[in-house]
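Counting starts at 1 for both ligands and their atoms, following the listed order. Computation of the quantities below employed the complete heavy-atom set of this structure, encompassing side-chain atoms and omitting hydrogens, waters and symmetry-equivalent molecules. Sequential numbering from 1 along the given sequence is applied to the chain's residues.
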Amino acid sequence: MKILIGNFGHEANTFASKDASFEEFTRMGYYKGEELIPHYRGKPSYIGGMIKSAEEEGVEVIPTVDVLNAAPTLSMSCVNKVMDDIISVIKKNKDDIDGICFGLHGAGVARGIDDLESYVLKKIKEIVGNDIPIVSTLDLHANISNEMVELSDGLFGVKEYPHIDTYEAGYLAFKTLVKILKGDLKTKMAVKHIPILLPLSAGFTQREPLLSINKHIKEYVKENDLIDASLFHGFPYADVEFASTSIVVVGDENSNVEKAAGELAEYVWKERYGFIPEINSPAEAMNKAENFEGEGYIVINESSDNPGGGTPGDGTFLLREMLKRNREGTVFGFIYDIESLEEIHKHKIGEKIDLKLGGKTEKIHGEPIEIKDAIICNLSDGLAICTTPMLKGLPMNFKKAARIKVGNVDIILTGDRGQTLDDRPFLITGADLNDYRYVGLKSANHFRGYFQDKAAMIIPTDPPGIMSADLSVFEYKKVTMPKFPLNKDIEF
Ligand SMILES: [Zn+2]
């Protein structure tokens, strides 16, 4: 038995002003063919889970490509390039492929294609035909279209945010496909859309109401002998018709997947008031931080400029407020600014430099900050190994980094966009978090995988941005309305 594997995951922020090129989309890694196997074997990732299952089952895998990133709408040349790489492997192995286990994200959008996942599945089916079973893994932030469900023999979502269970999703998808191929199983699937747009910053699954919802879904799956059920939070920053929260249920041919999806959706709907996010301006967040009396460091996370949701990562609102306060023991980790970083790297540690920092990509994220006489404290190659459970053991490449000091504020700069996931960006620039009191960073929730138990307090801040938690600021053109919480009088 031979199974084709791969991953083409794109989370589209369609509110960005420019499309993403192939280079922009693949900047965090693009793995091809056999190199996928040693890179992901045993590592927390969709492909890692697929490999584990393949090795247990004694099934041969045919690897294609792996790419996963949040970015603006993809250019068609980018999509064509990725698809060419996938298709060429399929064509070469066409007669040997028994099944396909392919990772997708669920919120992919390209110029002219609002449902990238269905596009990919259709392109694959054009070559292998309709008789080869295809299952897919999906991110928790997937917007599920009806077509996606029709084209697939099983969609397996991540249940946790931070996404610590990609390995489990890959493993279950692959296991299910093997059962189908052995003739032991015929799958059925149903989707139920829930009229909710769920901002990312309200989606932390290790607290209520999502803790109880996930527990309930898990028990329901067990009691009703289903294969899997996923609550997809959806991605409200992709303006497509079917952007929404939803439930997808996978069962065998005897199961009533429609009834299950309906009942689970109803359960989630009742908890909808728990999905309204905490919204603080940077000034409000800093006031709360300054009034906190407990020991330890306080994290202020700028969720509206979370590059993990396709934002620029060079927004200046929170950093500007921290510089204004100039509190002792402040560190900002990190801001993306390749121009400033290259300038800094021309100097030596201890020298002083003037910079126009950040604010160079999207106007809505704030103007550049004029900085005079910043002291260069550290220069780094920007290489690290991730320690947060979601990506533990996988390499991170910030494409150089540096730490500068402006008054009492330490600022870490990187040469690539990214969200802060753990203490690595601080450590590689010689900063020990325990030496600080106020820690500013950019992320909506993934940072919690590392910081939830370590920070004395976490305060989200939501200045203007293309990933604001306040969804009323967006001019939706395509999303089917009405949706909670934009409209609170919806009946479901
Ligand atoms: Zn996600």
**Request:** Flag H141 as yes if one of its N/O/S atoms falls below 2.8 Å of the Zn ion (ligand 1), otherwise no.
**Result:** yes

**Message:** When you measure from the Zn ion (ligand 1) to the N, O or S atoms of H163, does any of those distances fall below 2.8 Å?
**Reply:** yes

**Asked** Do we see a donor-acceptor contact under 3.5 Å between the side chains of Y30 and D85?
**Response** yes

**Message:** For the Zn ion (ligand 1), give me the closest N/O/S atom belonging to D139, just the atom name.
**Reply:** OD1

**Request:** Please name all residues satisfying side chain to side chain contact (heavy atoms under 4.5 Å, CB included) with A444, sequence neighbours left out, ordered by chain then number.
**Result:** Y161, L200, S303, N306, M467

**Prompt:** Excluding sequence neighbours, so at least two apart, what forms salt bridge (Lys or Arg N to Asp or Glu O under 4.0 Å) with K122?
**Reply:** E147

**Asked** In terms of side-chain heavy atoms, does S468 have a donor or acceptor partner in D462 at a distance below 3.5 Å?
**Response** yes

